[in-house]
Peer 1: 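Sharing a structure here in structure tokens format.
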Amino acid sequence: MPNELTLSIIKPDAVSKKLIGTIIKRFEEEKIKIAAMRMKRLTKPEAEGFYAEHKGKPFFDSLVSFMTSGPVVLMVLQGDNVILKNRDIMGATNPANADEGTLRKLFAESIEKNAVHGSDSPKSAEREVSYFFKKEELVNL
């Protein structure tokens, strides 16, 4: 889809490994624009709300704990077919199944500590972007 928006999160494990610049550079090399960006430490209620679809699953508490364990970088990525393009750049959720050269193959430790998050559909992207950013915060590049 032309000129889509999607949410990308550089997770606490990648932030602590000082990979922010490396990951952003990868997006820029792929001609993906960054329409908004901020670093913050998620609160427990923010993480629980963001991952609400997983509430009740065995990994929910661990995921919330991990996502609040350190700062994250929240970004709105913009470009043609950016949702799919970002998912290709990230690689499979399980780094063991990720293709060579993808962010998760290169930097992830586990399924949970997998360096990055990206919206998986236009509907998710719309919800996730608006969860962290107001429309007026987005820069149309």
Peer 1: Do Leu74 and Ile34 share a hydrophobic cluster, counting only Ile, Leu, Val, Met, Phe, Trp and Tyr and linking them when any side-chain heavy atoms are less than 4.5 Å apart?
Peer 2: no
Peer 1: Give a yes or no on whether the backbone of Gly118 and the side-chain of Arg87 come within a donor-acceptor separation of less than 3.5 Å.
Peer 2: yes
Peer 1: Taking Phe66 as the starting point, is it possible to reach Val64 by hopping between hydrophobic residues whose side chains are less than 4.5 Å apart?
Peer 2: yes
Peer 1: Check this for me: Lys57, atom NZ, are more than 12 non-hydrogen atoms of other residues, nucleotides or ligands nearer than 6.0 Å?
Peer 2: yes
Peer 1: Please answer: with hydrophobic residues joined when any side-chain heavy atoms are less than 4.5 Å apart, are Leu19 and Met90 in the same cluster?
Peer 2: yes
Peer 1: Answer yes if the side chains of Glu4 and Asn81 hold a donor-acceptor pair under 3.5 Å, and no otherwise.
Peer 2: no
Peer 1: Quick one: NZ on Lys33 to CG on Leu77, what's the gap to the nearest 0.5 Å?
Peer 2: 12.0 Å
Peer 1: Look up atom CZ in Arg104 and atom CG in Asp99, then write down how far apart they are to the nearest 0.5 Å.
Peer 2: 12.0 Å
Peer 1: Met39 vs Ile20, test: side-chain contact (heavy atoms from CB on, under 4.5 Å). Steps then yes/no.
Peer 2: CA-CA 10 Å; Met39 178 184 268; Ile20 298 168; 3.3 Å; yes
Peer 1: What class does the angle between the rings of His117 and Tyr51 fall in, given that below 30° is parallel, 30 to 60° is tilted and above 60° is perpendicular?
Peer 2: perpendicular
Peer 1: Using the rule that two of Ile, Leu, Val, Met, Phe, Trp, Tyr join whenever any of their side-chain heavy atoms come within less than 4.5 Å, decide whether Leu103 and Leu84 are in one cluster.
Peer 2: no
Peer 1: Give the C-alpha distance, both sets of side-chain angles, the deciding distance and a yes or no for side-chain contact (heavy atoms from CB on, under 4.5 Å) between Met75 and Phe27.
Peer 2: CA-CA 11 Å; Met75 293 182 285; Phe27 293 140; 3.5 Å; yes
Peer 1: Please name the pair of heavy atoms, one in Tyr131 and one in Pro45, separated by the smallest distance, quoted to 0.1 Å.
Peer 2: OH-O, 3.8 Å
Peer 1: Minimum heavy-atom separation for Ala35 and Gln78, please, with both atom names.
Peer 2: CB-OE1, 3.9 Å
Peer 1: Measuring from atom CD of Glu48 to atom NZ of Lys55, what distance do you get when rounded to the nearest 0.5 angstrom?
Peer 2: 5.5 Å
Peer 1: Here's a test for you: under side chain to side chain contact (heavy atoms under 4.5 Å, CB included), which of Leu42, Val72, Val116 qualifies with Ile9?
Peer 2: Val72
Peer 1: Is it the case that the side chain of Thr6 and the backbone of Ala125 share a donor-acceptor pair, with hydrogens and angles ignored and the cut-off at 3.5 Å?
Peer 2: no
Peer 1: Give the minimum heavy-atom separation between Lys105 and Pro95, together with the two atoms involved.
Peer 2: CD-O, 3.5 Å
Peer 1: Using the rule given for side-chain contact (heavy atoms from CB on, under 4.5 Å), can you reason through Leu5 versus Phe133, listing the C-alpha separation, both sets of side-chain angles and the distance that settles it, and then say yes or no?
Peer 2: CA-CA 12 Å; Leu5 297 176; Phe133 293 92; over 6 Å; no
Peer 1: How close do Ala108 and Asn114 get, heavy atom to heavy atom, and via which atoms?
Peer 2: CB-CA, 3.4 Å
Peer 1: With a 3.5 Å distance limit and no angle check, can you tell me whether Asp13 reaches the backbone of Ala115 through a side-chain donor-acceptor pair?
Peer 2: yes
Peer 1: Could you give the distance from CD1 (Ile83) to NZ (Lys123), rounded to the nearest 0.5 Å?
Peer 2: 13.0 Å
Peer 1: Does any N or O in the side chain of Ser130 come within less than 3.5 Å of the main-chain N or O of Glu126, such that one atom is a donor and the other an acceptor?
Peer 2: yes
Peer 1: Within the distance-only criterion (no hydrogens, no angle test), does the side chain of Asp80 pair as donor or acceptor with the backbone N or O of Asn3 below 3.5 angstrom?
Peer 2: yes
Peer 1: If we check salt bridge (charged side-chain N to carboxylate O under 4.0 Å, His left out) with Arg26, which of these qualifies: Glu29, Glu30, Glu28?
Peer 2: Glu30
Peer 1: Under a single-linkage definition using a 4.5 Å side-chain heavy-atom cutoff for Ile, Leu, Val, Met, Phe, Trp and Tyr, are Ile10 and Ile32 assigned to the same hydrophobic cluster?
Peer 2: yes
Peer 1: Taking all non-hydrogen atoms of both residues, which atom of Ser69 and which atom of Pro12 are closest, and how far apart?
Peer 2: OG-CB, 3.7 Å
Peer 1: Begin from the C-alpha positions of Ile24 and Met37 and carry the test side-chain contact (heavy atoms from CB on, under 4.5 Å) through to its verdict.
Peer 2: CA-CA 11 Å; Ile24 290 171; Met37 179 169 57; 3.6 Å; yes
Peer 1: So which atom in Ser62 and which in Glu112 form the shortest heavy-atom distance, rounded to 0.1 Å?
Peer 2: OG-OE2, 2.7 Å
Peer 1: Roughly how far apart are Thr68 OG1 and Lys44 NZ, rounded to 0.5 Å?
Peer 2: 8.0 Å
Peer 1: Drop me the distance from Phe60's CZ to His54's NE2, to the nearest 0.5 angstrom.
Peer 2: 9.0 Å
